[in-house]
Every structure is written in structure tokens, then in C-alpha cells.
Amino acid sequence: MSSTHTTRANLLALATIALWASLAALGTALAHVPPFLLTGLGLLAGSVIALPLARGDWRRLAVPPATLAVGVYGLFGYHFLLFTALQLAPPVEANLINYLWPLGIVLMAPLLLPGVRLTAAHVLAALVGLAGAALAILGRGAPAASAGAASGWAAAGYACAAGAAFIWSSYSLMTKRLALTGRPFSTAAIGTFGLVSGLLALACHALLEPAAALSARDWLLIALLGLGPLGGAFFLWDAALKLGDARQIGVLAYLTPLASTLILLATTGRPLTWNVALATLMILGAAVVGTRAR
């Protein structure tokens, strides 16, 4: 692999991280929008990016049913649980739990990828990461930052955040497995994942959620959500992984929880408390150690 390709891949990964860092803040700003509706509109907006990538060749958007199922599982399942968590639990703590997904990739890799084994360093990293998540929840001294938390739904929100982390970890590994087993797909096909997932989310909204009136500001934020962390980031992430060294990109990805937490603290007006700072460092450190372990 040439140094030019490696540098380009790392730059693509850093661009992805910059977009993902804004996801929790945008999701919190849109917390009044029902999660199925928010997920559906955001994914549909993001899927439009696939059109220029396909360059008029619609075959690049087609994937087998099994591959499509993996994509819908990842995009629809992850974002629905994440937005639900941000509505039910204090967003800073829920966001930290969600960012256990890089560590989840390390721990579940032996189950889904051939030739990968779990070591003592991986287990230690998992325990430190879980301790950091527990510290973020149990050490919280500030009042609950959401209506859901105040009404006793915080535990459900934390569970949704953990579920979101599991889904994104397993989705990332399953897409890697597809490539390793001779079933790769074009980066443009990410748009197909988003389109189907978005339509499914809107159908669930129509069946399960009350109608919601959206303001002009809501539509603007949803467009930003779709073109950025809920759309453009997926295409950049896929391109980075296909072009570069997944180990280096994995280490870079652990900048995301730190950047995301700082942005969320700034947008919600909450101070950086000792437990949130320590939890962030623990999760970040555990993820880096887990990835670098051979």
C-alpha cells in the first residue's frame, strides 16, 4: 500500500470523524422530532449523495438481498436507537455509551472475522471501557439534562445507547466480512442502504408515531444531518476503509467520542464535569489499547 493511498485514506477518515462529531449535537437539537421520522428524513437526505457517485450507472447501486439486509440493519437500527437514547437519557452520558462501538469492533472481531483472536489486552480494554461508561452514568452529579431522564426513562435511554453501539460494531464487521468473503459492494450502494432504511423508518413513523409539524429550522437541521453525519460520513467511511489501513483508521476513529462530547457540552451549555472528563479519557484510552493490541 503506497504512502499516498494511506495519507488519502487517513484524510477521508478524519473528514468522517469531523462529521460524526456533530451527530449527537444535531440529534439533541432535534430531540423534539419523533425518532422514526428523524431517522427516515435524515437517511433519505443522505442517500441523495449516491447519485453523483453512481455516474449514471445504476448497477453500482444494486446489491444482493443479504447485503441490503446488513445495510438496513446498520443504518436504520443504529440511528433509531441512538436518537431514542438522546431523547430518553442525558445526552452527554448517552453519547459516551454509544461511543463504545470502536471497542465493540475489537471485541467482536474474533466472532465475525477469520484469523482474528482475542487477547488479554483486549479483555482489559473492554473492562476499562465499561468502567468509563458506568462512571459517566453513576458519577453524574448534575441534574438530568432531558425530560426523559427526569421522568425515569434514563435507564431505557442508556440501554438504547448500548444497543446502538452493538449494532454499529457488528454492522462494521459484517461489511468487512462481505469484502473478505468475495462479496464486496460499491461505495455508491451506501445510498441504497440509506434509501431503504429511510423509507422503512418513515413507514414506522406513519404506523407508530404521532404526526409532527416541522419548522423551517427543523428542515434545515435535518438537511445538515443527512448531508453530514447521516449521509456523507457513511460514504467517506466506506471509501477510507477500502483505500487505507483499517488499523490506522480504527485508531483515528477514537477521536470521535472526544470531539463529539466536547461539541455536545458546548451546545447544551453543560460544564465539563470531572466524571465526564474521566469517562471520556477511559473510553478513549481503552479503545486505543484494544485496537493496538495484536
Side-chain angles (χ1 to χ4, degrees), residues 16-17 19-31 33-43 46 69-108 112 126 129-130 132-134 136-137 145-146 148-149 153-175 190 193-194 197-198 200-201 204-205 208-209 225-226 228-231 233-234 237 250 253-254 256-261 263-264 279-280 283-284 286-287:
T16 306
I17 291 164
L19 293 177
W20 273 341
S22 67
L23 177 59
L26 286 170
T28 301
L30 292 164
V33 180
F36 277 126
L37 178 62
L38 181 60
T39 302
L41 293 176
L43 289 174
V70 170
V72 172
Y73 163 77
L75 271 61
F76 171 75
Y78 171 74
H79 291 97
F80 169 69
L81 286 181
L82 176 60
F83 291 140
T84 301
L86 293 174
Q87 289 182 330
L88 297 179
V92 172
E93 287 82 349
N95 189 50
L96 280 173
I97 295 171
N98 161 59
Y99 278 117
L100 286 169
W101 66 258
L103 191 56
I105 290 177
V106 175
L107 295 179
M108 291 192 291
L112 296 175
L130 288 175
I137 300 171
S146 69
W153 285 96
Y158 295 139
C160 287
F166 173 82
I167 287 179
W168 194 255
S169 300
S170 55
Y171 162 75
S172 299
L173 290 170
M174 285 190 286
T175 57
I190 297 292
F193 297 167
S197 298
L200 177 60
C204 291
H205 165 68
L208 302 174
E209 294 176 338
L225 191 70
L230 214 58
F234 300 145
W237 183 248
Y254 301 127
T256 314
L258 182 59
S260 179
T261 299
I263 291 175
L264 195 54
T280 300
I283 292 173
L284 187 63

**Report entry** Distance (rounded to the nearest 0.5 Å) between I190 CD1 and S197 OG
**Finding:** 10.0 Å
Requested in this report: Identify the heavy atoms of A279 and L96 that sit nearest to each other, and give their distance.
Outcome: CB-CD1, 4.1 Å
Report summary line: Correct closest heavy-atom pair for A161 and A85 would be N-CB, 3.6 Å
Requested in this report: Look at the side chain of H205 and the backbone N and O of A201, then say whether any donor-acceptor pair between them is shorter than 3.5 Å.
Outcome: no
Report task. Evaluate the side chain to side chain contact (heavy atoms under 4.5 Å, CB included) criterion for residues L225 and L23: first the C-alpha distance (whole Å), next the side-chain angles of each, then the deciding distance (0.1 Å), finally the verdict. Result -> CA-CA 7 Å; L225 191 70; L23 177 59; 3.7 Å; yes
Query raised in the report: Sequence neighbours excluded, which residues qualify as side chain to side chain contact (heavy atoms under 4.5 Å, CB included) partners of L107?
Result: L103, L118, H122, A126
Query - Distance, nearest 0.5 Å, that separates CG of L41 from CG of L230 - result: 10.0 Å
Requested in this report: Before giving the answer on side chain to side chain contact (heavy atoms under 4.5 Å, CB included), spell out for H79 and L38 the whole-Å C-alpha distance, their side-chain angles and the decisive distance to 0.1 Å.
Outcome: CA-CA 9 Å; H79 291 97; L38 181 60; over 6 Å; no
Query raised in the report: Looking only at heavy atoms, what is the nearest atom pair of L19 and P229, with distance?
Result: O-CB, 3.2 Å
Query raised in the report: Where is the tightest heavy-atom contact between C204 and F76, given as atom of each residue plus distance?
Result: SG-CZ, 4.3 Å
Requested in this report: Sequence neighbours left out, what passes ring-ring contact (aromatic ring centres under 6.0 Å, His included) with F193? Give chain and number order.
Outcome: F185
Requested in this report: Find the distance between CZ (F83) and OG1 (T28) and round it off to the nearest 0.5 Å.
Outcome: 9.5 Å
Query raised in the report: Judged by atom type as modelled, is there a donor-acceptor pair below 3.5 Å linking the side chain of Q87 to the main-chain atoms of V33?
Result: yes
Requested in this report: Applying side chain to side chain contact (heavy atoms under 4.5 Å, CB included), name anything that partners S169, two or more places apart in sequence or on another chain.
Outcome: W101, I105, M108
Query raised in the report: Does W153 reach the side chain of Y158, with side-chain heavy atoms less than 4.5 Å apart?
Result: no
**Report entry** Euclidean distance, C160 SG relative to I97 CD1, rounded to 0.5 Å
**Finding:** 10.5 Å
Report summary line: CG (L75) and CZ (F234) are apart, to the nearest 0.5 Å, by 4.5 Å
Report task. State which residues pass ring-ring contact (aromatic ring centres under 6.0 Å, His included) with Y171; sequence neighbours excluded, sorted by chain then number. Result -> W168
Report summary line: A29 meets the side chain to side chain contact (heavy atoms under 4.5 Å, CB included) criterion, sequence neighbours left out, with R217, L221
Query raised in the report: Is the side chain of E209 donor-acceptor paired with the backbone N or O of F36 at a distance under 3.5 Å, no angle test?
Result: yes
Report task. Could you list the residues that satisfy side chain to side chain contact (heavy atoms under 4.5 Å, CB included) with A164, not counting sequence neighbours? Result -> Y78, L81, L82, N98
**Report entry** CG-CD1 distance between L100 and I283, expressed to the nearest 0.5 angstrom
**Finding:** 5.0 Å
Report task. Could you list the residues that satisfy side chain to side chain donor-acceptor pair (under 3.5 Å) with S170, not counting sequence neighbours? Result -> Y73
